[in-house]
Amino acid sequence: MARKLDIGAMLEGTVSKLNKVNCPERAREGPLGGTMQVREIALDQLEENPDNSYAQTGIDELAESIEVIGLQQPLVVVPVEDGRFRILAGHRRRNALEKLERKTAPCVVLDADLDPSLRVLILHWTNTMARGGAGLTAENTFAAAKEIKEALLDLKQRGVLELPGKLRAYVADVLKVSEAAIARADAINKHLSKAWKTDQKKGRINDSVAYELSQCDDALQRELHDLYKGDFWLLDAKDVKAHKKAAAAGFAPLQCPEPPSYIEPCVGTDKRAAAVKRGECPGCCHDCDKADGCEWVCGRVSKVHRAHAEAEEQEETRKQENEAFEASPLGKLRRRLRETLAEYGVHDARDLPHVVYCDWIWTDNPAAYSFTLSLSSLLEIAGQVGIDLQELLFGNPEGAPLRQLDEQMQQVVQEAPPAPVWHPYPAEKPEEGQKVLTLCHSEYVRDNYGAFVYRAGIWYLPEMPDDGLMSVDVRWWSAELPPEGK
């Protein structure tokens, strides 16, 4: 097993001890030669490294963290010319400090003549250590791994480092990623087509999809690129695996013919492969009239058959429920309503002058409605049509001409209107000294009935007609008094 590289020891622990250093500058001799220093350097003296491949994201969050708990890792720089320094690691930290309006940054200063290969290791190690992991794309992981590998081989060949075991394990340790991640990045770099690499760079596909595509041959990669062009968001790693399995089967179409609105690979080819080879299966379940109940059927066709069966079952249930409803008294009443309204030219709710919630009268699926007949709705419909409720519900049978009777009563009222029993007060007043029944309000009782004597706008108790003045608010009065004792 490979031993971990102790790059921190190479830096003599300077990085981890930075927050304990209060002096403006401290120089130490490193184990590999060259001078390393920790010092505060003005931000405007720090320049970016053109070779840095690490994304500078999350600056605002990093600035908030520094504001609360302080800077946990210093920058690593090397002197260049004119008193300036080039950042090896810490571009995000430098920008976060600038956002906080700090003037200087704590830096580990490496000797300008530091071994180039060691500089590469320090660059990647410090970046990944500060981030808690590299956070690189597969493309950048491959580039970083290549640089680290070349640096390690150089140091090993020159006898600077001993590296027993697999070289990839040391590379993974520096980048803080798994060996599998480096292997995937290497596969993508070697086998992914140029067209797909372009889409990966532009963020149209993620690393998982890129890796699965790299496991496909060139011809399949071209076919898939043509198929998904413009719709790369539909493609995931699982789909690529399914496309690859279907292509290996040889009999399956590249795209499932069933869902025309989007792209899906053929699935379940491994179940049908042997049957296709024996000539017992056409290959595509959508073209087979024996797919229903077939042991080799793909999941999509099986799902379609289940959906059809459920739909047929639901339709049969709906039919039975509606037949039962139509045979019920409520169903018979609904038919009578429809027949009566049709005689007046009302064939659906839209034929009514005003909106009434009554779609249940004409629906083809009455059993689906929760029937609580509303008398107010029926009265509203009858009023809009111009018939009485009995005629709406039962027609106008002989012997119960309510509509005609109503018209006759209206005619009598117009010819000789009856005298009203109750009179509004004070619009109408009783005769002086007349004893009447009143509907009034008093100080203690609301809507109270009582007998009073009226004289000159004042109400008196009948028992005390001279001094029984009553403070009441009379609203209505009637000359018809209740019988004695009532």
Side-chain angles (χ1 to χ4, degrees), residues 49-58 120 124 127-128 131 133-150 168 171-172 175-270 272-273 283-284 286 298-300:
N49 186 348
D51 296 328
N52 178 56
S53 59
Y54 292 82
Q56 298 186 45
T57 57
V120 170
H124 292 291
N127 269 294
T128 55
R131 294 164 186 256
L136 296 174
T137 63
E139 179 188 13
N140 290 334
T141 297
F142 171 77
K146 182 180 178 182
E147 291 180 2
I148 295 169
K149 181 179 178 181
E150 291 173 351
R168 181 179 290 171
V171 176
L175 282 178
K176 300 296 185 291
V177 298
S178 66
E179 292 183 52
I182 294 177
R184 287 194 296 269
D186 186 53
I188 291 171
N189 180 72
K190 289 180 179 178
H191 304 299
L192 190 65
S193 69
K194 183 178 180 181
W196 280 118
K197 282 183 178 178
T198 300
D199 293 316
Q200 183 191 20
K201 281 185 178 181
K202 293 181 178 179
R204 295 170 181 167
I205 60 172
N206 58 35
D207 289 350
S208 297
V209 172
Y211 172 71
E212 293 300 336
L213 286 167
S214 73
Q215 303 304 294
C216 302
D217 60 36
D218 293 341
L220 182 56
Q221 287 194 47
R222 283 195 300 270
E223 288 185 76
L224 292 177
H225 196 272
D226 291 339
L227 180 62
Y228 284 91
K229 195 169 185 178
D231 292 307
F232 295 124
W233 59 275
L234 291 172
L235 187 63
D236 61 22
K238 183 179 178 181
D239 289 335
V240 178
K241 289 181 180 179
H243 282 301
K244 183 182 177 184
K245 185 181 290 186
F251 56 80
L254 182 65
Q255 177 184 357
C256 178
E258 181 62 22
S261 59
Y262 53 94
I263 306 168
E264 284 196 5
C266 182
V267 296
T269 54
D270 50 343
R272 302 191 299 280
C284 180
H286 295 282
C298 74
R300 294 199 180 96

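These numbers were taken from a predicted model, which means no experiment stands behind them.
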Inset, instruction - Enter the distance from Lys176:NZ to His124:NE2 here, rounded to the nearest 0.5 Å. - result: 12.5 Å
Legend entry - Any Gln200 side-chain heavy atom under 4.5 Å of Leu213 side chain: no
Inset, instruction - Before giving the answer on side chain to side chain contact (heavy atoms under 4.5 Å, CB included), spell out for Val171 and Glu179 the whole-Å C-alpha distance, their side-chain angles and the decisive distance to 0.1 Å. - result: CA-CA 8 Å; Val171 176; Glu179 292 183 52; over 6 Å; no
Inset, instruction - Take Leu254 and Leu220, measure what side chain to side chain contact (heavy atoms under 4.5 Å, CB included) needs, and give me the verdict at the end. - result: CA-CA 9 Å; Leu254 182 65; Leu220 182 56; 3.9 Å; yes
Inset, instruction - Could you tell me whether the side chain of Gln215 and the main chain of Val240 form a donor-acceptor pair under 3.5 Å? - result: no
Inset, instruction - Would you check if Pro253 and His286 make a side-chain contact, meaning some heavy-atom pair closer than 4.5 Å? - result: no
Legend entry - Heavy-atom closest contact (His191 atom, Gln221 atom, distance): O-NE2, 3.0 Å
Inset, instruction - Determine the minimum heavy-atom distance between Pro265 and Cys256, stating which atoms define it. - result: O-CB, 4.0 Å
Legend entry - Spacing of OG belonging to Ser208 relative to CG belonging to Asp236, to within rounding of 0.5 Å: 9.5 Å
Inset, instruction - Answer yes or no: are there more than 12 heavy-atom neighbours, outside Lys197 itself, under 6.0 Å from its atom NZ? - result: yes
Legend entry - Interatomic distance, Leu227 atom CG to Asp239 atom CG [nearest 0.5 angstrom]: 10.0 Å
Inset, instruction - Give the ring-plane orientation class for His225 versus Trp196, where under 30° counts as parallel, over 60° as perpendicular and anything between as tilted. - result: perpendicular
Inset, instruction - Identify the two heavy atoms, one from Ala172 and one from Ser178, that lie closest to each other, and give their separation to 0.1 Å. - result: CB-C, 4.0 Å
Inset, instruction - Give, for atom SG of Cys266 and atom NE2 of His243, the distance between the pair rounded to the nearest 0.5 Å. - result: 10.0 Å
Legend entry - Rounded distance (nearest 0.5 Å) linking atom CD of Glu147 with atom CG of Leu175: 9.5 Å
Inset, instruction - Given side chain to side chain contact (heavy atoms under 4.5 Å, CB included), test Asp199 with Phe232 step by step and report yes or no. - result: CA-CA 9 Å; Asp199 293 316; Phe232 295 124; 3.5 Å; yes
